[in-house]
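As the structure is a prediction and not an experimental result, all values here were calculated from the model. Only heavy atoms go into these numbers, but all of them, side chains included; no hydrogens, no water, no symmetry mates. Naming convention: chains lettered A, B, ... in sequence-line order (proteins, then strands); numbering from 1 in each chain.
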Protein chains: 2
Amino acid sequence: MTVPLSRPLVLDPAGADPCAHCDARHASVCNAIPDSDMARLATTAVVVEAAPGTTFINEGDAAGCFFNITRGTAKLFKLLPDGRRQITGFVGVGHFLGLAVSDTYAFSAEAIDHVRFCRFSRTRLRALLDEYPLMEKRLLEVASNELVAAQEQMLLLGRKTARERLASFLASQSRLGVSCQHPRQRFALPMTRGDIADYLGLTIETVSRTLTKLRSEGLIEIPSTTEVVIRAPAALERLAAGAA
Amino acid sequence: MTVPLSRPLVLDPAGADPCAHCDARHASVCNAIPDSDMARLATTAVVVEAAPGTTFINEGDAAGCFFNITRGTAKLFKLLPDGRRQITGFVGVGHFLGLAVSDTYAFSAEAIDHVRFCRFSRTRLRALLDEYPLMEKRLLEVASNELVAAQEQMLLLGRKTARERLASFLASQSRLGVSCQHPRQRFALPMTRGDIADYLGLTIETVSRTLTKLRSEGLIEIPSTTEVVIRAPAALERLAAGAA
DNA sequence: GCCCGGCGTTGACGCAGATCAAGGCAGGTG
DNA sequence: CACCTGCCTTGATCTGCGTCAACGCCGGGC
C-alpha cells in the first residue's frame, strides 16, 4: 500500500489534487512551511495510497502517526461491540487526522474513493511544530473549527428529526468548497446510503424513504443514486435549521 | 456582573478554586506563562462572576472574547428556533470557550452554579499566543482532546439506547477529575434532569424512568436527586460501552 | 449472454422513547 | 402557617423511526 515518495508533496497543496468540488487547490497548513524546506521534510514522511474500502486507521490501535489527506475522501467512524457504527465525519483533501495526544486512535478511517495521504510519526510532528510555529497556529484554527462543526452535529443527532437531518446533510454537502464559490445546486454524493445513515444516526431505510419524500415534494431531484440537485435551496435551509 | 480585578488570577490555577471533584488545583494552560508575567497580563483581562442561571455567552452574538472558567460549572448549548435544545457539554474549572475564529459564537453558555471566569479580547488572546508559544501548544492539545470527546458524544447520540446513554453519562461523571484519583463511587450531579436529558438527546421523563430502572436493578443508588452512588461500576461500564 | 452479489427502494409491522397527564415533594415567600 | 413554583416521578397512550421482508437495478466475472 505504501508507495515511494517521488516528490516532496508532504503537506503540500501543490501536491494535492484539486478540490473535487471547486477545482481550486485549497490552501492548507502547509502554507506555514517555506518551499525551501519541503524537500527536507519529504525525507521524514511517507506517502500512502489507500484503495476504496481500505481501512487505514483502526480505532484502538497504537496512535503513532499523524495524517494529512492529499487526495480523495475518507470516512471516520466509531464502532460499538455489536457492530453499530457512527460515522463522525467525511474528510477530504487537506484534512488532518490523529491530532489528539493519546496512546490509541479514537476512531477508524476508511477510504471511500481512492485516497492518498501523507503520514508522519508523532515525534516528527512535534519537531515540525517546534520549527514552524505558524503551522501550530493553523492546526489550532483547524481543530477549533472542527469543534464547532462537531457541536452542530450533536445538535443534529440529539434533537433533529430524520427529515431535518437529511436537509442539513444535503445543505452542508452543497456548501462543500464554499471558500471557492456559493453553494452548488448539483453535486455528487460519493458515499453510500448506509454511510449517510450512519453519519446521521438513522437507518438505510429511513434515509432512502426520506430522500424519496423530499423528491416527491419537489425540494430535490435525484438523477442518480450518487447525485443530487437542490431545487428549493431556501426551503431546504429552513428545514435544516429546524424551522417550518 | 463584572467585578474589579483584585489579584492577577488571569488564567492562573492558583487563582482558580480547587477542583470540586478532587480538591487539587488543576494545572492549566497558564503553566505556559511565567509567574512574573501574570501581573502584567492582569491589566488586560476582566474577571467576571455569573450567578446560577445566568447566560453569559449567547449563540449568534459577535464573538469578541475568549473565556477561561476559574470557578463553578457551566453548560454549553445550541437551540433550534422552536426551543429544542442540545447541551453540547458541561464545562468546569480550567475550560476554555470561544476558541474558534468566527464572527459569532456557535453556542450559548449558562452558569449552573456560581461561575467565575476570566475574559480576554480576541486580539489580546492573539498577542498572548504570540508571546507564549507554549500556551498555543496547550490549547491545541486541549482542543484535540475535546474533539475526541465530541466524537464519543456523537456515537452516544447517534447509536446508543437510552439505557446506554445514561450509563455512559454516569460513568463519565464518575471519572471527572480522573487525573487526581480513580473513578469515584459517589458524586454530585449539579445539573437538573432537564439538563441531562438535553445533553443525552432524551426527554426528562426518559431520564427519570431510566435512572429509576438502573436503581431498581441495583446498578446505582440515588440518595438525593443531586447525588448518585455507583454500586456496580463494571456492569455500568459494560452497559456504557454497548456490550451486554 | 447468464449469474451473482451489493446497493437501493418500498411496504407491513413493531417498539423504544416521546407525549400527555397527574401527582408528590422541597424550598422560598408573605 | 398556607401557598406557590419548579423539579422530579410515574402512568397511559401515541408515533416516528427501526426492523423485517421482498424485490428491482446495476456492474462484474465468466
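- Evaluation of the ring-ring contact (aromatic ring centres under 6.0 Å, His included) test over residues 202-223 of chain B, restricted to residues two or more places apart or in two chains, returns none.
- A search for side chain to side chain donor-acceptor pair (under 3.5 Å) contacts involving B:E221 returns B:R231, not counting sequence neighbours.
- Sorted by residue number, the list of members of residues 80-92 of chain B with any non-hydrogen atom under 4.0 Å from DNA chain D is empty.
- Residues meeting the side chain to side chain donor-acceptor pair (under 3.5 Å) test with A:R215, sequence neighbours left out: none.
- Note: NZ (B:K213) to C1' (C:dG17) measures 13 Å, nearest angstrom.
- End-to-end axis angle for the helix from C:dG1-D:dC30 to C:dG30-D:dC1, using five pairs per end and rounding to 10°, comes out at 30°.
- For A:L99, the side-chain contact (heavy atoms from CB on, under 4.5 Å) criterion is met by A:F66, A:L139, A:A143, B:L140, B:S144, not counting sequence neighbours.
- Among residue pairs with one or both ends in residues 54-69 of chain A, those qualifying as salt bridge (charged side-chain N to carboxylate O under 4.0 Å, His left out) are A:E59-A:K78; sequence neighbours excluded.
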Practice prompt. List the protein contact pattern of nucleotides 5-20 of chain D with one symbol per nucleotide (5' to 3'): B for base contact, S for sugar-phosphate-only contact, - for none; contact means a heavy-atom distance under 4.0 Å.
Written response: ---SBBBB----SSBB
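- One can place CD of A:E227 at 16 Å from C1' of C:dG8, the figure rounded to the nearest angstrom.
- Here B:F67 pairs with B:F117 under the ring pair (Phe, Tyr, Trp, His ring centres under 6.0 Å) rule; sequence neighbours left out.
- Atom-to-atom, CG of B:L200 to P of C:dA16 comes out at 19 Å; the value is rounded to the nearest Å.
- Side chain of B:E110 to backbone of B:L76: no donor-acceptor contact under 3.5 angstrom is found.
- A:T206 pairs by the side chain to side chain donor-acceptor pair (under 3.5 Å) definition with A:T203, not counting sequence neighbours.
- Among pairs with a residue in residues 208-227 of chain B, none fulfils ring-ring contact (aromatic ring centres under 6.0 Å, His included), at least two apart in sequence or across chains.
- Among residues two or more places apart in sequence or in another chain, the side chain to side chain donor-acceptor pair (under 3.5 Å) test is passed with B:T226 by B:S224.
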